[in-house]
K.L.:
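The structure is given below, and queries will be raised subsequently.
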Amino acid sequence: MKISKLIISLSVILITSIASAQETTIRNILIVTSNQHTYGDTDLNAANHFEEIVVAYDIFIKAGLKVDFVSPKGGAIPIGYIKTSDSIQKQYLYDEIFMNKLENTLTPSQASQTNYSAIYFSGGGAAMFGVPENEQIQRITKQIFIRGGTVSAVCHGTAGITKLINTNGRYLFEDKRITGYPDAFERKNAAYYKTFPFSIEQAVKEKGGIFQFSEQGWDGFYITDGRLITGQDPTATSAVAEKVVTQISIDNHE
């Protein structure tokens with residue numbers, strides 16, 4: 001009898017320990033998007049870059065991550081730059097579960113209720129508006145980084161981290177190598193660019209970051225500097241997403 005009770009007790013302890021270990025292994029990632037439908041106050045359509053969302057999402061879920069979407073206001077977000085000739089984009093464009101996530105993105109308050117192991121700022125012209133100045137999204141990002149999580153961005157999504165202050169009072173990317181869509185590739189005389197509240201490249205440089213980019217462009221250029229992972233343009237999406245997955249795995253085994 002005593003032996004049986006001992007075995008049962010040990011089994012309970014083992015199960016509890018396993019459950020506890022699973023709970024501490026965070027496998028959630030938050031994708032940041034924008035609600036902005038136009039470039040500034042103009043009637044020029046702006047959107048979130050569909051490729052930068054779906055390619056990253058596909059890699060994340062196939063790696064076993066639980067993915068949430070957040071936007072400054074929550075709810076539906078505009079999507080654009082869609083290529084139906086691309087098999088992955090076409091697949092998710094007609095995926096009811098996925099599209100429902102984009103129609104019902106979380107508000108920052110809702111997202112703050114979950115512990116995330118990483119955050120990913122997707123791009124598109126819309127990313128320049130609403131996201132960089134959102135204090136709640138900044139707070140969530142800061143908490144993720146402080147807990148040892150990963151901060152990542154692609155293309156104009158890098159705008160979302162240009163105002164992030166670390167616990168030491170310095171910008172999160174100070175003295176770190178970082179990339180995003182560079183000034184050299186912006187059409188500065190175009191109407192869309194004139195609505196931009198700031199230049200990503202200049203904001204990074206002015207705040208102590210080391211902005212780097214590929215002069216060739218559209219060649220998958222990305223940078224990993226510790227737990228900060230950034231990509232220059234849409235072609236870097238898959239590499240950034242894969243590096244995020246790798247970093248999450250490293251973080252969960254440390």
K.L.:
At their closest point, which heavy atom of Pro72 faces which heavy atom of Pro108, and how far apart are they?
P.N.:
O-CD, 3.4 Å
K.L.:
Enumerate donor-acceptor pairs with a distance under 3.5 Å from any side-chain N or O in residues 155-165 to protein atoms, sequence neighbours excluded.
P.N.:
| unit_1 | atom_1 | unit_2 | atom_2 | d |
| --- | --- | --- | --- | --- |
| His156 | NE2 | Glu186 | OE2 | 2.7 |
| Thr158 | OG1 | Cys155 | O | 3.4 |
| Thr158 | OG1 | Thr179 | O | 2.9 |
| Thr162 | OG1 | Ala159 | O | 2.8 |

K.L.:
For the CD1 atom of Ile223 and the CZ atom of Arg177, what is their distance to the nearest 0.5 Å?
P.N.:
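Rounded to the nearest 0.5 Å, the CD1-CZ separation comes out at 5.5 Å.
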K.L.:
Has Asn104 got a side-chain atom pairing as donor or acceptor with Asn100's backbone, closer than 3.5 angstrom?
P.N.:
yes
K.L.:
I'd like to know if the side chain of Asn35 and the backbone of Ile77 have a donor-acceptor N/O pair within less than 3.5 Å.
P.N.:
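No, because the side chain of Asn35 does not come within donor-acceptor range (under 3.5 Å) of the backbone of Ile77.
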K.L.:
Report yes if the side chains of Ser122 and Val32 come closer than 4.5 Å at any heavy-atom pair, otherwise no.
P.N.:
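No, every pair of side-chain atoms sits at 4.5 Å or beyond.
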K.L.:
Under 30°, 30 to 60°, or over 60°: which ring-plane class applies to Phe185 and Phe213, parallel, tilted or perpendicular?
P.N.:
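Perpendicular, since the angle between the ring planes exceeds 60°.
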K.L.:
Counting only heavy atoms not in Asp41, do more than 12 fall under 6.0 Å of its CG?
P.N.:
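Counting neighbours around CG of Asp41, 12 or fewer heavy atoms of other residues, nucleotides or ligands fall under 6.0 Å, so no.
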K.L.:
Would you say the ring centroid of Phe60 lies under 6.0 angstrom from that of Tyr57?
P.N.:
no
K.L.:
Which heavy atom in Asp183 sits nearest to a heavy atom in Ser199, and how many Å separate them?
P.N.:
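Scanning both residues, the minimum pair turns out to be OD1-OG, 2.7 Å.
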K.L.:
Would a 4.5 Å heavy-atom cut-off, applied to side chains only, mark Tyr222 and Val154 as touching?
P.N.:
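They are not in contact (no side-chain heavy atoms under 4.5 Å apart), so the answer is no.
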K.L.:
Considering all heavy atoms of both residues, which atom of Pro234 and which atom of His49 are nearest to each other, and what is their separation?
P.N.:
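Taking Pro234 first and His49 second, the nearest heavy atoms are CG-NE2, 3.5 Å.
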K.L.:
Drop me the distance from Lys194's NZ to Arg187's CZ, to the nearest 0.5 angstrom.
P.N.:
11.5 Å
K.L.:
Look at the side chain of Gln89 and the backbone N and O of Thr84, then say whether any donor-acceptor pair between them is shorter than 3.5 Å.
P.N.:
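Answer holds: no.
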K.L.:
Any side-chain heavy atom of Asp225 sitting closer than 4.5 Å to one from Ile178?
P.N.:
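Not touching, per the 4.5 Å side-chain cut-off.
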K.L.:
Rounded to the nearest 0.5 Å, what separation is found between the NZ atom of Lys142 and the CD atom of Gln138?
P.N.:
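Output value for this atom pair is 9.5 Å.
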K.L.:
Which heavy-atom pair separates Glu51 from Thr237 by the least distance, and what is that distance?
P.N.:
O-CG2, 4.2 Å
K.L.:
Side chains of Thr33 and Phe121: does their closest heavy-atom pair fall under 4.5 Å?
P.N.:
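Thr33 vs Phe121: side chains apart.
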K.L.:
Are Ile229 and Val151 side-chain neighbours, meaning at least one heavy-atom pair lies under 4.5 Å?
P.N.:
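Heavy-atom side-chain distance check fails, nothing below 4.5 Å.
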K.L.:
Please step through side-chain hydrogen bond (donor to acceptor under 3.5 Å, both in side chains) for the pair Ser109 and Gln136, ending with a clear verdict.
P.N.:
CA-CA 7 Å; Ser109 295; Gln136 287 181 296; 2.9 Å; yes
K.L.:
Taking the six-membered ring for Trp, are the ring centroids of Phe50 and Tyr81 within less than 6.0 Å of each other?
P.N.:
no
K.L.:
If you look at every heavy atom in Asn134 and Gly130, which pair is closest and at what distance?
P.N.:
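Here Asn134 and Gly130 meet closest at CB-O, 3.4 Å.
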K.L.:
Less than 4.5 Å apart, side chain to side chain, heavy atoms only: is that true for Lys66 and Asp68?
P.N.:
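Yes, close enough: below the 4.5 Å cut-off.
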K.L.:
Any chance you could measure Arg27, atom CZ, to Tyr116, atom OH, to the nearest 0.5 Å?
P.N.:
15.0 Å
K.L.:
In terms of side-chain heavy atoms, does Asn48 have a donor or acceptor partner in Ser34 at a distance below 3.5 Å?
P.N.:
no
K.L.:
Using atom types as modelled and distance alone, determine if a side-chain donor or acceptor of Tyr192 lies under 3.5 Å from a backbone N or O of Asn45.
P.N.:
no
K.L.:
With a 4.0 Å cut-off on N to O distance, would you call Asp86 and Lys90 a salt bridge?
P.N.:
no
K.L.:
Does the side chain of Phe145 come within less than 4.5 Å of Thr150's, by heavy atoms?
P.N.:
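Sidechains of Phe145 and Thr150: no contact.
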K.L.:
Around Ile146, counting heavy atoms of other residues, nucleotides and ligands shown, do more than 12 lie under 6.0 Å from its CD1?
P.N.:
yes
K.L.:
Calculate, to the nearest 0.5 Å, the distance between atoms CD and CZ belonging to Gln232 and Phe221 respectively.
P.N.:
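These two atoms lie 6.5 Å from each other.
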K.L.:
side-chain hydrogen bond (donor to acceptor under 3.5 Å, both in side chains) for Thr114 and Asn28? Distances and angles first, verdict last.
P.N.:
CA-CA 8 Å; Thr114 301; Asn28 302 319; 5.8 Å; no
K.L.:
Between Tyr92 and Asp58, does a side-chain hydrogen bond (donor to acceptor under 3.5 Å, both in side chains) hold up when you go through it step by step?
P.N.:
CA-CA 9 Å; Tyr92 283 106; Asp58 185 64; 2.7 Å; yes
K.L.:
Side chains of Lys101 and Phe69: does their closest heavy-atom pair fall under 4.5 Å?
P.N.:
yes
K.L.:
Which heavy atom of Tyr39 sits nearest a heavy atom of Gly125, and at what distance?
P.N.:
OH-CA, 3.6 Å
K.L.:
Sub-3.5 Å donor-acceptor pair from the side chain of Thr105 to the main-chain atoms of Val70, do we have one?
P.N.:
no
